[in-house]
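Below is one structure, written out as structure tokens, with a few remarks after it.
Below, all heavy atoms of this structure are taken into account, side chains as well, without hydrogens, waters or symmetry copies.
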Amino acid sequence: MKAPKFPSYDEAVNRKSKKGKPLMTKEEWEKLEEERKQKDKDKHVKSDKNRKRRATIVFRTTEKDREIIFSKIALSGLNRQDYMTDAILNAPIKVVATRNVIDQCKTELQNIFAELRRINSYENMAEKDKYVLEMICQIIEAALKNKSL
């Protein structure tokens, strides 16, 4: 069964009663419209409620790269989500220690330092901060080996 169409404000105002009064005021219509929008938002949230992985990552690439990526995924025997997640999280990445990378490391280290002041030990640190700290250490070690700092 198809849901009835919700009237716009103009449609609701132009449908006047026999006495000449509009069927609803602008405030009443806005309130109904707000309730409808909230129901739509709640409906969407409910559909994601049982998902284990709720976050979405989207990126653009060329058609040629897309075909290569999809052929690699097909050859791996994994589904797209598992393949891309594993490739991104576990693949070695070449980082060039530019000024922007160093500034980003400083910012993340300041955040981690603030977190370390707040907590008592490394075990109580958030997983995201542990991962960022480990990655910064790897970048600094690699930079020191190449003496690019």
Reported CG-to-CG distance for the pair D86 and L78, which is rounded to 0.5 angstrom: 7.0 Å
T85 side-chain N/O to D82 backbone N/O, donor-acceptor pair under 3.5 Å: no
Short N-O contact, K31 and E28, less than 4.0 angstrom: no
Minimum heavy-atom distance between V58 and T56, given as atom pair plus value: CG2-CG2, 3.8 Å
Side-chain heavy-atom pair M84, I73 within 4.5 angstrom cut-off: yes
Salt-bridge criterion met for E127 and K130 (N-O under 4.0 Å): yes
R60 CZ to T62 OG1 distance, which is reported to the nearest 0.5 Å: 12.5 Å
CD1 on I88 to CZ on F59, rounded to 0.5 Å: 6.0 Å
R80, CZ: over 12 other non-hydrogen atoms inside 6.0 angstrom: no
Hydrophobic cluster membership, I68 vs F70, 4.5 Å side-chain cutoff: no
Q38-E34 side chain donor-acceptor pair, cut-off 3.5 Å: no
CD1 (I57) with more than 12 external heavy atoms under 6.0 Å: no
Value rounded to 0.5 Å, distance of NZ in K37 from CD in E30: 9.5 Å
